[in-house]
Amino acid sequence: MHPVDTMGQNRDGAEYGFAFLDEDAKRELRRSIFKAVCIPGHQVAYASREMPIARGFGTGGMQLTLALLGPDDTCKVIDQGADDSVNAANIRNFFALTCPGVTGTLRTEGASVIQTRHRIPELKLRADQILVFQVPYPDPLVVVEPNAAKRRRMHGRADYARLWVKLYEDMVAFDEITISHRYPTRINGHYIIDPSPIPRFDVPKLHQADCLYLFGAGREKRIYAVPPHTDAVPITFNDVAFAVESFRDKTTGKRHVCRRCGADDSFLDEFLDNDGARVFQCSDAAYCDMRLERLEAAK
Amino acid sequence: MKPILDVETLTRIHGPGCPACLDVTGPEHDTNICRHCGSVVAVAGASLRLHKGEVLGIMGESGSGKSSLVKMLYFDDKPTSGRAIFHDEGQAHDLFALNEAQQLRLRDMRMGMVYQNPSLGLNFDISAGGNIAERLLMSDELSYRAIREKATALLARTEVPPARMDELPRNFSGGMQQRVQIARALSTGAPLLFLDEVTTGLDLSVQARILDLIMELQEVTGVSMLVVTHDLGVVRHLTTRTIVMKHGRIIEAGLTDQILEDPQAAYTQQLVSSAL
């Protein structure tokens, strides 16, 4: 029987406990979270549970969120900045179904737990908020070293020269660093993490933030964290500055703005509208809506 | 003359090992396999001293333990017993008593290795310049411009055309791969270099150029070298002092001229007379 058909009930017809996972699973997850917070950037191995969605669809983030949620929490789920994609909407519905009392929200400022895929919200997160990332590949070294045992030793020794070699090769070929997402970032001066596929634009938000960032990789069975007020420095050369996407028009040199709300400080999605024209729009839908509301109110 | 490397009774036994291993193997038994436990005695009680700026040859047939000895000194392998002292910048490092991080730090910054097979010493998936950059980055050089300049200079010194610096070494000829490897080994200005059969498998004219290059670099930098080879020509060309190994034991040591002109051990006589 498909697990979704029996949602809310186990095989004997009795109700599931709060937040789908059994208490032992949640306790293990919380312990792993504590360990991850205590060793910033270190990948903590944990027993990733089966979830009623496939591995690779955000099971790591989901388990973290389920372990964190309490009945009085408000949660928000975003996918590439939007709340209404199939993946995000269904995960939010799942939380509403399995966590009685938890309310879903689309507003960044109203959420206590935010689960995200590929973006950090534009609004600065507060100390009472937690951002949970869905992570496909937790280890930044996987691109240079296929052997997992060797990678763990390299992390222990902070032996990251080969990541810089990648940057060197990039500089040689393109005269700039072309990593667009999953930018290797050094946490608290030691471990380098793969900050999940967030764009370069979002990497500076990890540095000395007020909120807690948690990363969960369900398929790879790893949890890691960037605690509040912790250094998070994208790796680069002494004489090559780290730069975020500028969104400047190549011909005019001016920064593109959102066509809906006119924001000039947000991460923009570029696409073709129905007439085939190139347009730009905020990737963070909640931020865009909030700005529109304010503009309406001001009128 | 000051010593740079002191090796004391270094032993490496592959297999379970038993108390009789060392007594029933060696040149006098004409085997390095223990008949009791089947262990292979790769190196037994090897002691040697390498002085600063000296080029020491290690000669012997295949399986005599010469590569095993050097691999242990470069931390590619762990010895069963024995110790080695590396004298560097006024400090004496007991190589096998250091922790792994310290060992790798010495290996990355203060030692260099040129393997017979370039695929061991080079990463074929990154450019020639990138291979040099990797060594420099390991030694905490973090300026892109400085890395680029150093890599260019090193490759120019080892006669790799600068135009090919950004190509993958897998597309290079064997001789050129070997020159990139030498440039990589030299990149951090290490005082100690291990050369493991560097010219084996190259044709004669390329061999001669590589040997000339090594000699020239040695004269300029004054680096100490341990040269492993089974080629008498290489030994004659490069080294001042030579040791001869057989079945894991050092059976003869002395000045290269002396060993080649007036070999004492029967095996060395055979080795010298069998040269074409």
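What you see is a predicted model; the values in this text were computed from it and never measured. Order of the sequence lines sets the chain letters (A, B, ...), proteins ahead of strands, with each chain counted from 1. Note: hydrogens, waters and symmetry copies are ignored here, and every other heavy atom, side chains too, is used.
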Checking A/Lys124 against A/Asp210 for the salt bridge (Lys or Arg N to Asp or Glu O under 4.0 Å) test, could you report, in this order, the C-alpha distance in whole Å, the side-chain angles of both residues, the deciding distance, and whether it holds?
CA-CA 8 Å; A/Lys124 195 170 183 294; A/Asp210 291 331; 2.9 Å; yes
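- Counting heavy-atom pairs under 4.5 Å between each of B/Leu142, B/Ile126, B/Ile147 and chain A puts B/Leu142 at the top.
- Between the CG atom of A/Leu29 and the OH atom of A/Tyr46 there is a distance of 6.0 Å, given to the nearest 0.5 Å.
- Using a 4.5 Å cut-off between heavy atoms, A/Val240 touches chain B through its side chain atoms alone.
- Atoms NZ and CD, on A/Lys221 and A/Gln43 in that order, are 13.5 Å from each other to the nearest 0.5 Å.
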Let's go through A/Phe271 and A/Phe280 carefully: what are the C-alpha distance in whole Å and the side-chain angles of both, what is the deciding distance for ring-ring contact (aromatic ring centres under 6.0 Å, His included) to 0.1 Å, and is it a yes or a no?
CA-CA 7 Å; A/Phe271 57 95; A/Phe280 291 84; 8.5 Å; no
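- Separating the OH atom in A/Tyr287 from the SG atom in A/Cys258 is a distance of 9.5 Å, to the nearest 0.5 Å.
- For the pair A/Arg219 and A/Tyr137, the cation-pi criterion (under 6.0 Å, within 45° of the ring axis) is fulfilled.
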Going through the checks in order, is the ring-ring contact (aromatic ring centres under 6.0 Å, His included) test met by A/His42 and A/Tyr191?
CA-CA 6 Å; A/His42 174 61; A/Tyr191 292 109; 5.2 Å; yes
Short donor-acceptor separations (under 3.5 Å), chain A to chain B:
{"residue": "A/Arg153", "atom": "NH2", "partner": "B/Glu100", "partner atom": "OE1", "Å": "2.4"}
{"residue": "A/Arg157", "atom": "NH1", "partner": "B/Glu100", "partner atom": "OE2", "Å": "2.7"}
{"residue": "A/Tyr168", "atom": "OH", "partner": "B/Arg148", "partner atom": "NH1", "Å": "2.8"}
{"residue": "A/Glu169", "atom": "OE1", "partner": "B/Ser127", "partner atom": "N", "Å": "3.2"}
{"residue": "A/Glu169", "atom": "OE2", "partner": "B/Ser127", "partner atom": "N", "Å": "3.4"}
{"residue": "A/Glu169", "atom": "OE2", "partner": "B/Ser127", "partner atom": "OG", "Å": "2.6"}
{"residue": "A/Asn238", "atom": "N", "partner": "B/Leu142", "partner atom": "O", "Å": "2.7"}
{"residue": "A/Asp239", "atom": "OD1", "partner": "B/Tyr144", "partner atom": "N", "Å": "2.7"}
{"residue": "A/Asp239", "atom": "OD2", "partner": "B/Ser143", "partner atom": "OG", "Å": "3.0"}
{"residue": "A/Asp239", "atom": "OD2", "partner": "B/Tyr144", "partner atom": "N", "Å": "3.3"}
{"residue": "A/Asp239", "atom": "OD2", "partner": "B/Arg145", "partner atom": "N", "Å": "2.9"}

